Amino acid sequence: MDRNQNLNRAETFSFINPWIRYFLFFFSFLFWVFSLLIIAIGVYAKIQKATDTVRDTFLVDPAVVLIVAGVVMFFITFCGCIGALRENIRLLKTFSLSLTLVFLTQLAIAVLGFFYSDQTRDALGKFVKKALVHYRDDLDLQNLMDYIQKEFKCCGWNNYTDWSWNMYFNCTPENPSSERCSVPYSCCTPVPGEVAGIVLSQILICQIQDEITSVS
């Protein structure tokens, strides 16, 4: 009788705390689903992208970056999810090692960015300049720049005059664009409840610019 009880205890014994086990499984499953969503977004963006002008700005297509990041995240979370569910020590070790490598990589990038801040700033400045030049050439790039400017409440790299690098916003007399001598809407500070007023003001500015151009 005691022998059978000992065998049953040995079969049901687990080295992993049940709370930690299901906690790890739950969050690994959430990020596993999130990784599938990232892959889907990357594939959709890659298929829907009509032009390749964004490659002049980015070293790698952002859609490809999303797909690669999603695949890596899928592999890591899969190891954590199945390893926690099946109590597979090898998968859990792989999951732990992968997270450690990701953390060390991020730490190395942060340290290099700190010690080579001037080079990082120059590289970032070149990226922003190319992004300003190709602002109207790619919708993904346009949405990214608008998000950055609204999130950080900035306009251009140094100031609003940086938008003169764009052929649609520069103030040269030969520029036929209705957006001449202006900036994107994301440079403006919106007033709550006055979204329609912002659009109306932009229309009035365009009309005034057209009148000035016709007079001159």
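Nothing here was measured: the structure is a model prediction, and the numbers come from that model. Position 1 is the first residue of the sequence; numbering continues from there.
In this structure, T77 and F34 have side chains that are not in contact, with every pair of non-hydrogen atoms separated by 4.5 Å or more. Taking the side chain as every heavy atom from C-beta outward, C81 and L85 never approach each other to under 4.5 Å. The side-chain heavy atoms of L124 and W157, taken from C-beta on, include a pair separated by under 4.5 Å. A 4.5 Å side-chain heavy-atom check between R86 and L91 finds every atom pair outside the cut-off. Side-chain contact check for I38 versus L66: some heavy-atom pair is nearer than 4.5 Å.
In this structure, the ring of F27 has its center less than 6.0 angstrom from the ring center of F23.
A donor-acceptor pair shorter than 3.5 Å cannot be found between the side chains of S177 and N175. Under the 3.5 Å distance criterion, with hydrogens and angles disregarded, a donor-acceptor pair is assigned to the side chains of Y135 and D146.
Cation-pi contact between K129 and W165: present, with separation from the ring centre below 6.0 Å and deviation from the ring axis of at most 45°.
For the ring pair (Phe, Tyr, Trp, His ring centres under 6.0 Å) test with W163, the passing option among Y185, Y168, F169 is F169; the others fail. For the pairing with F29, the ring pair (Phe, Tyr, Trp, His ring centres under 6.0 Å) check across F31, F26, W32 returns one residue only, W32.
Cluster annotation: L24 and V102 are assigned to the same hydrophobic cluster (Ile/Leu/Val/Met/Phe/Trp/Tyr, side-chain heavy-atom contacts under 4.5 Å, transitive). M73 and L101 fall into different hydrophobic clusters, where Ile, Leu, Val, Met, Phe, Trp and Tyr residues are linked whenever their side-chain heavy atoms come under 4.5 Å apart, directly or through other members.
Judged by distance alone, the side chain of S96 and the main-chain N or O of L92 form no donor-acceptor pair under 3.5 Å. Side-chain N or O atoms of Q149 include one that pairs as donor or acceptor with a backbone N or O of G156 at under 3.5 Å.
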Practice prompt. For side-chain contact (heavy atoms from CB on, under 4.5 Å), just list the numbers for Y160 and C187, CA-CA rounded to whole Å, side-chain angles, deciding distance to a tenth of an Å, and then say yes or no.
Written response: CA-CA 8 Å; Y160 70 95; C187 283; 5.6 Å; no
